[in-house]
Amino acid sequence: MTATSDTSAIQRIGNRRTAAGWALAIVEVLVAFAAVAGGLALVGDQWAMPREWLLNTPFATWTGPGIALIAAVAIPHLVAAAAIAVPSVPARLGIIGGLLAGGSLIAWIVLQLALLHVFFFLQPVMIVVGIVEVVLALRWRRGVEIPAAR
């Protein structure tokens, strides 16, 4: 496929939402909800997590990580879900949003593991969820493209 045919394939996507697109939106909303709940719990110190875990981070309290969770995970997921839910938004933006949202979730967990050196059972679960988002975005893209003429 040439650059021209890549561009025309993307243009043919238009505003079409597929089952993969709607499944992606549902996952994004659920992740956003969980990230907001988790971020607010961290800000309010509801989990009373040890501050020693923050030694390798720029934070002295859990307020900063809570705000960062909302900013880096919840907001991108809400924006990506909105790009799918609003029919006038081109589908390609929903696909790109899904790829970026899934990537931000994976990056968040990798960064969390690297900085905190603490393992939670939800970390591998959330990495799988991020991978699911990326796969759904790619399936949506593949499902709405029209193959190039031979």
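Since we're looking at a predicted model, the values are computed, not measured.
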Sequence-distant partners of [X], side-chain contact (heavy atoms from CB on, under 4.5 Å), two or more places apart:
X: Val27; value: Val31, Val129, Glu133, Leu136
X: Val86; value: Ser88, Val89
X: Phe120; value: Met49, Trp53, Gln112, Val118, Gln123
X: Ala72; value: Trp108

State, to 0.1 Å, how close [X] and [Y] come at their nearest heavy-atom pair, and which atoms those are.
X: Ala71; Y: Pro76; answer: O-CD, 3.3 Å
X: Gly94; Y: Trp140; answer: C-CZ3, 3.5 Å
X: Leu42; Y: Gly66; answer: CB-CA, 3.7 Å
X: Leu69; Y: Gly38; answer: CD2-C, 3.8 Å
X: Ala35; Y: Val73; answer: CB-CG1, 3.8 Å
X: Ala101; Y: Ala80; answer: CB-CB, 4.1 Å

**Prompt:** For residues 55-89, which residue pairs qualify under ring-ring contact (aromatic ring centres under 6.0 Å, His included), counting only residues two or more places apart or in two chains?
**Reply:**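 Applying ring-ring contact (aromatic ring centres under 6.0 Å, His included) to every pair that reaches into residues 55-89, excluding sequence neighbours, yields nothing.
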
Are [Y] and [X] connected in a single hydrophobic cluster, I mean Ile/Leu/Val/Met/Phe/Trp/Tyr linked by side-chain heavy atoms less than 4.5 Å apart?
X: Leu78; Y: Leu93; value: no
X: Val43; Y: Ile75; value: no
X: Leu24; Y: Val132; value: yes
X: Ile26; Y: Val79; value: no
X: Leu111; Y: Leu113; value: no

**Message:** Using only atom types and a distance under 3.5 Å, with no angle test, would you say the side chain of Arg17 pairs donor to acceptor with the backbone of Ile84?
**Reply:**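 Yes: the side chain of Arg17 pairs with the backbone of Ile84.
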
[atom1]-[atom2] distance between [X] and [Y], expressed to the nearest 0.5 angstrom:
X: Thr57; Y: His117; atom1: OG1; atom2: NE2; value: 10.0 Å
X: Leu100; Y: Ile95; atom1: CG; atom2: CD1; value: 12.0 Å
X: Ile127; Y: Leu122; atom1: CD1; atom2: CG; value: 11.5 Å

**Request:** Check step by step if side chain to side chain contact (heavy atoms under 4.5 Å, CB included) holds for Ile70 and Leu40.
**Result:** CA-CA 8 Å; Ile70 293 168; Leu40 292 176; 4.2 Å; yes

**Request:** Sequence neighbours left out, what pairs pass side-chain hydrogen bond (donor to acceptor under 3.5 Å, both in side chains) with at least one residue falling in residues 36-51?
**Result:**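 Found none.
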
